[in-house]
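Residue numbers count from 1 along this sequence. As the structure is a computational prediction, the values presented were derived from the model and not from experiment.
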Amino acid sequence: MRNFKTTFLTTFSFLGLLVLSVSCKSEKTNTVTENKDITKDTMSITILQTADIHGQLDAHPELFWENGDIVFKERGGMAHIKTIFDREREKNPNRTIIVDGGDLIQGSGYAALSEGRVMSNIVKNMGYDVIIPGNWEVVYGKDIMMEVMQDFDTEIIVQNMYHEDGKEPLFPAYTIKEIEGVRLAFIGINDPDVPVRQNPIFSKGIAFSGLDNSVKQLVDDIKFKEKADVIFLVTHIGIFKQVELANSPIAEHADYILGNDTHERVREMIQGKYAKVTEPGAFGSFVGKLTLHFVDGKLVGDDYQLIDVDPEVYPADKAMQALVDKEKAPYQEHLETVIGYTEAPIYRYLTVENPMDNLFTDAARWKTGADISISNGFRFGNPIVPENGTPAPITRANLWNLLPVNENVKTGKATGKQIKDWLEKEMHNAFAQNPTERFGGWLVRFSGMEVDFKSQNDRGERIANITVKGEEMQDDKYYTISACVRPGDPIDNLCRMSDVKDVKEMDYTIHEAVEEYLKKHSPVSPKLDGRAYCDYLGTYSFSTVPGTNYEFQ
């Protein structure tokens with residue numbers, strides 16, 4: 001198994017990567033004209049893209065940042081997406097290709113309790129043409145992942161996932177679709193860091209390779225030997241690395257990077273030196289629409305639109321909604337049970353601190369009595385929003401949306417120095433200016449300590465101050481901490497912090513701890529309280545992509 005960070009950086013050095021501003025264009029990209037120059041005999045092809053649906057089956061509240069304020073709108077739902085797919089295919093029959101970029105089968109209670117199988121018939125009937133695995137597809141283990149994805153009855157592609165021996169691929173590396181003589185190639189690439197990002201046991205039996213020279217060789221072969229007219233890299237490596245890839249010689253003969261993983265809402269394609277980058281949000285709230293224009297088989301222009309899946313604009317397809325309801329039925333009574341109420345909106349999306357994780361880490365600290373409780377910097381979870389002054393119910397389905405794995409709680413002791421070193425490492429994973437060193441998630445979350453930091457500083461020099469119970473953290477003092485078990489990790493490891501002392505695994509899960517907390521404290525009103533703060537980022541910090549004009553909206 002290759003090490004991604006090593007192969008990625010080594011290859012870029014070997015190939016002489018020049019990191020350029022995203023506004024610059026190579027000679028190749030200059031051949032694509034603006035729409036106004038397209039002649040009347042243009043043939044157009046539509047590419048629709050979804051990403052990171054995470055088992056979300058129905059319309060739900062979605063968070064938007066508009067005019068300096070957080071607002072919530074109803075978005076998403078597989079039956080509403082189906083209406084978009086059908087309308088777009090009707091507009092451009094036999095010239096529409098639909099792609100999903102992974103993380104379909106995990107992230108909701110319905111997905112978790114069925115081990116992803118709730119998605120099989122739904123995806124099979126959505127009309128997808130090409131699907132790649134994402135970093136969470138491994139959550140139920142290799143065998144179930146293979147079973148569920150094969151049940152999609154759709155082409156699955158991925159270039160860098162292998163059986164354990166590292167020789168036999170799990171799925172074909174690419175596919176070529178030909179439309180009226182135009183050959184469109186799609187190459188799938190999943191995140192090579194899956195065995196580290198996820199609980200290690202999830203990906204047991206799977207080997208990954210990195211973005212090395214073999215990817216460039218494949219792209220070149222498809223361009224020149226397979227005579228592809230347009231090449232898409234369908235990648236699940238995150239917006240930062242996807243932009244970097246667009247500037248890398250690996251993508252010299254690629255045209256578009258259909259990006260996924262970091263849930264970013266790219267509304268105008270990001271132009272790299274060699275390719276253009278998209279990423280169409282998450283949770284089924286958006287569909288990316290890329291329209292390619294051809295004259296005499298030559299690509300002469302493109303348009304891109306990020307479509308909001310607004311249920312009022314795109315009513316539910318009745319047959320798909322009936323199928324969704326049928327698949328949900330065995331789990332619905334359990335999952336729709338109300339376990340508490342909230343008087344304040346509960347949401348994620350802020351990179352530093354958010355009400356959602358403040359609630360969960362507070363619950364864990366209350367249950368365990370630890371000095372500090374920590375949690376992963378997950379990027380997903382649909383908001384829970386009170387309306388008209390009435391507290392909003394919190395269901396078990398909500399709990400699964402917000403805490404996508406339900407493992408036992410684990411406690412132990414670590415010195416202040418250990419905690420600082422661990423937190424510096426996690427900050428680098430989230431805020432490194434070099435995109436290849438970012439790790440995919442946001443800053444880890446915590447309760448019981450307050451941290452001031454400088455995200456723009458160098459690695460190991462970001463923390464300005466940490467206090468616990470109002471006192472400055474001491475390097476040689478031991479603090480009790482809690483986190484969730486990560487199956488496959490060493491016993492002395494808590495949330496990627498190693499060499500923890502006196503480790504104990506509790507006989508209750510994080511979901512049980514939260515349910516008990518809500519039973520006692522509901523209605524809750526979680527808020528931002530400054531437990532993590534960076535003046536450079538401010539309170540409302542959404543994702544940033546260095547070197548681009550991208551803004552979260």
Side-chain angles (χ1 to χ4, degrees), residues 1 3-5 106 112 115 135-136 138-144 164 191-208 357 360-378 403-430 439-441 443-449 466 468 473-517:
M1 185 187 304
N3 179 279
F4 170 66
K5 292 182 179 178
Q106 172 276 348
E115 295 187 307
N135 62 293
W136 278 104
V138 301
V139 65
Y140 314 114
K142 174 186 172 183
D143 291 343
I144 294 176
E164 196 165 19
D191 187 351
D193 278 334
V194 166
V196 182
R197 286 180 63 182
Q198 316 301 73
N199 297 346
I201 201 170
F202 291 169
S203 55
K204 184 178 180 182
I206 303 174
F208 291 80
D357 289 300
F360 294 144
T361 53
D362 285 352
R365 190 162 63 95
W366 169 82
K367 177 65 175 175
T368 62
D371 296 322
I372 302 163
S373 289
I374 56 180
S375 175
N376 264 314
F378 292 127
L403 285 172
V405 289
N406 184 26
E407 303 292 353
N408 281 12
V409 175
K410 198 175 181 181
T411 63
K413 295 179 181 178
T415 65
K417 178 68 162 56
Q418 280 179 278
I419 295 170
K420 288 178 184 178
D421 290 346
W422 163 80
L423 193 52
E424 285 280 7
K425 180 182 67 175
E426 294 293 332
M427 286 178 175
H428 191 72
N429 289 341
F439 210 55
L443 182 64
V444 290
R445 318 301 189 176
F446 41 81
S447 174
M449 64 179 177
I466 303 179
V468 179
M473 177 174 277
Q474 302 299 309
D475 282 357
D476 57 355
K477 181 178 179 178
Y478 277 92
Y479 298 87
T480 57
I481 55 177
S482 81
C484 288
V485 170
R486 280 168 39 99
D489 270 353
I491 186 64
D492 64 352
N493 193 304
L494 265 69
C495 198
R496 295 184 294 273
M497 185 190 306
S498 58
D499 299 321
V500 178
K501 308 297 183 185
D502 299 335
V503 173
K504 297 177 183 177
E505 183 176 332
M506 303 293 104
D507 61 358
Y508 51 84
T509 69
I510 186 60
H511 283 199
E512 290 169 338
V514 172
E515 284 202 32
E516 187 178 339
Y517 180 84

- prompt: Between E512 and T509, is there a donor-acceptor pair closer than 3.5 Å when you use the side chain of the first and the backbone of the second?
  reply: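 Such a contact is found between E512 side chain and T509 backbone.
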message: Quick check against the 3.5 Å criterion: does H511 have a side-chain atom that pairs as donor or acceptor with the backbone of N408?
response: no
Counting C-beta onward and ignoring hydrogens, is there a side-chain heavy-atom pair between [X] and [Y] closer than 4.5 Å?
| X | Y | result |
| --- | --- | --- |
| K142 | K204 | no |
| S482 | I374 | no |
| L494 | I481 | yes |
| I466 | K420 | yes |
| Y508 | T368 | yes |
| I372 | T480 | no |

- request: Compute whether any side-chain donor of one residue and acceptor of the other, for R365 and S447, lie under 3.5 angstrom apart.
  value: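 Yes, because at least one side-chain N or O of R365 sits under 3.5 Å from a partner of the opposite role on S447.
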query: Parallel, tilted or perpendicular: which describes the rings of F202 and W136, with under 30° parallel and over 60° perpendicular?
result: tilted
[X] to [Y] - nearest heavy-atom pair and separation:
| X | Y | answer |
| --- | --- | --- |
| Y140 | I144 | O-CD1, 3.5 Å |
| A513 | A363 | O-CB, 4.4 Å |
| P192 | P195 | O-CD, 3.4 Å |
| S203 | F208 | CB-CE1, 4.2 Å |
| M497 | A414 | SD-CB, 3.7 Å |
| C484 | I510 | SG-CB, 3.6 Å |

task: Please determine if K417 and D475 form a salt bridge, counting it only when a charged side-chain N lies under 4.0 Å from a carboxylate O.
output: no
field: salt bridge (charged side-chain N to carboxylate O under 4.0 Å, His left out) contacts touching residues 488-498 (sequence neighbours left out)
entry: E426-R496, R486-D489
task: Kindly write out the residues that satisfy side chain to side chain contact (heavy atoms under 4.5 Å, CB included) with I491, not counting sequence neighbours, or none if the list is empty.
output: K410, V503
Qualifying residues under side chain to side chain contact (heavy atoms under 4.5 Å, CB included), relative to Q474, sequence neighbours excluded: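 Once residues adjacent in sequence are excluded, the partners of Q474 under the side chain to side chain contact (heavy atoms under 4.5 Å, CB included) criterion are E472, D476, K477, Y479.
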- prompt: Of D502, D499, D371, which meets salt bridge (charged side-chain N to carboxylate O under 4.0 Å, His left out) against K413?
  reply: D502
query: Which one of M449, Q418, H428 satisfies the side chain to side chain contact (heavy atoms under 4.5 Å, CB included) criterion with L423?
result: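 Of the listed residues M449, Q418, H428, the side chain to side chain contact (heavy atoms under 4.5 Å, CB included) partner of L423 is M449.
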message: Around atom CD of E164, are there more than 12 heavy atoms from other residues, nucleotides or ligands closer than 6.0 Å?
response: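 It does not: E164 CD has 12 such atoms or fewer within range.
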query: Quick one: is the NZ or CZ of K501 closer than 6.0 Å to the six-membered ring centre of Y478, and within 45° of its axis?
result: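 Output no; distance or angle outside limits.
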